[in-house]
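Below is one structure, written out as structure tokens; comments come after it.
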Amino acid sequence: MNTEAIKELLYKMADDLLIIGHRNSEWTGLGPILEEDIAFSSMAQDKIGQSQALFQLLHELGEQAPDTVAFTRNANQFHNAQFLELPNGDYDFSLMRHFLYDIADQLRFEMLATSSYEPLAKVARKVKGELKYHVFHANTWITKLGTATDESHARMQAALSASWNYALGMFEEGSFEVQLKTENIFEGESALKNRWLETITPIFAKATLTIPDVKTWEPKLGGRKGYHTEHLQPLLDEMSEVFTIDPSAEW
Amino acid sequence: MYGNAYIDPNEKPKSIIDGEDPIKLAEFEARIARGEKIEPKDWMPREYRKQLIRMIEQHAHSEIIGALPEGTWITRAPGFKRKLALMAKVQDEVGHAQLLYSAAETLGKSREEMTNDLITGKSKYSNVFNYPAFTWADACIIAWLIDAGAIINQVANAKGSYGPYCRALDRICTEESFHLKYGHDNVVTLATGTPVQRKMVQEALNRWWPPIMHFFGPSDKISNHTEILMRWKVKMATNDDMRQQFLNMYVPKIWDLGLTVPDANLKKNEATGKWDYTEPDWEEFKRVINGGGPCNAERLAVRRMAEERGRWVRNALLNKAEKYVTPLA
Ligand SMILES: [Fe+2]
Ligand SMILES: [Fe+2]
Ligand SMILES: [Fe+2]
């Protein structure tokens, strides 16, 4: 078992979930309608819970406790895709990100459900079920807002265009792609990206939204290696504000 | 609920049943006296409808505004366990708003109208949320003691006469009991924690005590008006009774934790069986309820901004002429 490769995989997944969960939770009390406020909170809770489960796997591989790992690292020690740390913006961007990320996340967990690394496969099988609702929610709203009014269509199209290169950055390759694949732990980022494109393309067609021209694709890379936008550190400072008053205290 | 329905002391002192059909009114009162619930399509006096709309609407607004001071601590909650629990709690509060708005809608006022009255400052919400939650400990004190006050109020109102409101409150009370446990557990952790944590929680209690004492409202004027509302089971307990019940249940628990209540006169009067306390500053209460509190402007500005930023989404839903289906998660 290639522990370093597994740790790298677990860290980026856990960090993605923690950061998007944090961002989604910022909608609480501020959603465009109460029902959406509740839905975003519900999904945020799932994401944070899933990240905790992955940090727990890391702990079992010798890393520090989930709270310590999540609440005391700096931005350059985080491996989430930059896409997920961007501020929420308006509901259009948040929803578009939710759609693009959650489809990728669902496909990733589906692939991992048969991973040879059984602890992760076990988590993946459980998470897959939770994600059904997330993806259903995202698909419904993307289709609805893509086609409802001129304004909603224009907003969703602008959100897609603004998101796209960041979304491609989610599939930044790690240092162990080959090992993970040959050991049947994870099929790899490029396989995931292909499935993702296949899945989102027909939904965007239904939503009458256009994926940017392939010639303009320039994935925003670096997040997986600890390079982040200026938005991550303030997010982390906020997240750890209370915990770091005394990290050894029980809260 | 967060705070009892605020009855304007300047309200017209005349009888509130002027002009009602005496036969229908007698039937209506007889039903209530028998413990029956009034349902949306049943006949009801104008004033009954008006008071209930005001009360349920204020309650709903309090839930959604109440999500703001606590909500700001979701992103700062220390550790996974607290973060997840607080997210779930605040989500519940937003859910309470949703339930209550739909209960109020059965009386003929739409959610849009109510939202509009909230953000224009026409409708009230519980005064406590016009105070800031400075530290994590403030959020913990709110979750424990404000939710405790809310439960006392809601349990009383759940025995009221209007069916949809009572049923909403039954559901809400179940969730509130989890909030109370969550809040208490947080306060216990801080009160039994490091010196820094103990100091944090004592300071938070000091800050929140006056708003907590204000929470149930000033002593009710015993008027004809109040009497009728109690007979109609709109108002279920006096403000003073609820305040006494709160003190009786929670002051001993606060003292057990080694915390000090910032009122030197607070003690149980063995002769009367009631709690003596320094009379809260009701001028301050009035000032805050009329918009002069530390956070009134900010709370409404945030709500207004949320409404404005979300308008295009609501317009899109309207245009699709499809009713949004509540997610089941
Ligand atoms: Fe609640
Ligand atoms: Fe509530
Ligand atoms: Fe509550």
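All chains are named by letter (A, B, ...) in the order of the sequence lines, taking the proteins before the strands, and each is independently numbered beginning at 1.
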Between E241(A) (side chain only) and W136(B) (backbone N and O only), is there a donor and an acceptor less than 3.5 Å apart?
no
Using a 4.5 angstrom heavy-atom cutoff, name the option from A88(B), C140(B), A77(B) with the most pairs to chain A.
A88(B)
Contact class of D237(A) relative to chain B, heavy atoms under 4.5 angstrom:
neither
What's the separation between atom OG1 in T149(A) and atom CH2 in W312(B), rounded to the nearest 0.5 Å?
8.0 Å
L317(B) side chain near I33(A) side chain, heavy-atom distance below 4.5 Å:
yes
For F136(A), which atoms come within 4.5 Å of any heavy atom of chain B: side chain, backbone, both, or neither?
neither
Top of G79(B), G310(B), A67(B) for chain A proximity - count of heavy-atom pairs under 4.5 angstrom
G79(B)
Shortest non-hydrogen contact from M87(B) toward G21(A)
CE-O, 4.3 Å
Name the region of N186(B), side chain, backbone, both or neither, that has any atom closer than 4.5 Å to a heavy atom of chain A.
side chain
Interchain contact, V94(B) with chain A, by part (heavy-atom threshold 4.5 Å):
both
Give the intermediate values and the outcome of side-chain contact (heavy atoms from CB on, under 4.5 Å) for residues E36(A) and V313(B).
CA-CA 10 Å; E36(A) 276 305 281; V313(B) 179; 5.7 Å; no
With no hydrogens and no angle check, is any side-chain donor or acceptor of E238(A) less than 3.5 Å from a backbone partner on R76(B)?
no
Would you compute the distance between atom CE of M239(A) and atom CD1 of I74(B) and round it to the nearest 0.5 angstrom?
14.0 Å
Less than 4.5 Å to any heavy atom of chain B: does that hold for the side chain of D90(A), its backbone, both, or neither?
both
Chain B contact via T28(A) - side chain, backbone, both or neither, heavy atoms under 4.5 Å:
side chain
I'd like to check K81(B) versus W251(A) (side-chain heavy atoms, cut-off strictly below 4.5 Å). Are they in contact?
no
Select one option (side chain, backbone, both, neither) describing which atoms of R23(A) are under 4.5 Å from chain B's heavy atoms.
neither
Heavy-atom proximity to chain B below 4.5 Å, by part of L235(A)
neither
Below 4.5 Å, heavy atoms only, C-beta onward: do L30(A) and L68(B) meet side chain to side chain?
yes
Counting only non-hydrogen atoms closer than 4.5 Å, does T194(B) touch chain A with its backbone (N, CA, C, O), its side chain (CB onward), both, or neither?
side chain
Applying side chain to side chain donor-acceptor pair (under 3.5 Å) between K83(B) and each of H22(A), Q45(A), Q52(A), report the one that passes.
H22(A)
Contact part of F71(A) toward chain B, heavy-atom cut-off under 4.5 Å: side chain, backbone, both or neither?
side chain
Going through the checks in order, is the side-chain contact (heavy atoms from CB on, under 4.5 Å) test met by I245(A) and V196(B)?
CA-CA 9 Å; I245(A) 291 173; V196(B) 171; 3.9 Å; yes
Does G29(A) offer a backbone N or O that forms a donor-acceptor pair with the side chain of R303(B) under 3.5 Å?
yes
Contacting region of Q197(B) [heavy-atom separation from chain A under 4.5 Å]:
side chain
